[in-house]
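The structure appears right after this line, and notes come after that.
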Amino acid sequence: MGIIAWILIGLLAGIIAKLLLPGKDPGGIIVTMLIGIAGGLLGGWLGKVIFGVDSIDGFFDLSTWIAAIVGSLILLILYRLLTRGKHHRS
């Protein structure tokens, strides 16, 4: 897949992860989109390492989307854990 497809899948996976884990996150939509893109890459890598499968077969394959969403969920949870308790003062 091309880089544009990766970015698109990542953006959509980030939105889906945010819908599955609602709540206020520091950083807003931009951070959520970046987490989605990185999560898509993480999900594909984890699929290959842990399960030994090529989870990134194509844009419309279910395994690609599941891997991207799982990766985005993992990163969103980690992001929330790392930023918990950090409040910005104006």
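Keep in mind the model is a prediction, meaning the values are calculated, not measured.
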What distance separates [X] [atom1] from [Y] [atom2], expressed to the nearest 0.5 Å?
{"X": "Leu75", "Y": "Leu82", "atom1": "CG", "atom2": "CG", "answer": "10.0 Å"}
{"X": "Ser72", "Y": "Leu41", "atom1": "OG", "atom2": "CG", "answer": "9.5 Å"}
{"X": "Ile30", "Y": "Ile35", "atom1": "CD1", "atom2": "CD1", "answer": "12.0 Å"}

Tell me which donor-acceptor pairs under 3.5 Å the side chains of residues 11-23 have, and how far apart each pair is, sequence neighbours excluded?
| residue | atom | partner | partner atom | Å |
| --- | --- | --- | --- | --- |
| Lys18 | NZ | Gly23 | O | 2.3 |
| Lys18 | NZ | Asp25 | OD2 | 2.8 |

(request) Enumerate the residue pairs fulfilling salt bridge (charged side-chain N to carboxylate O under 4.0 Å, His left out) with a member in residues 5-14, sequence neighbours excluded, ordered by first and then second residue. (result)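 Listed once each, the pairs would be none.
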For residues 27-44, the side chain to side chain donor-acceptor pair (under 3.5 Å) pairs (sequence neighbours left out) are none
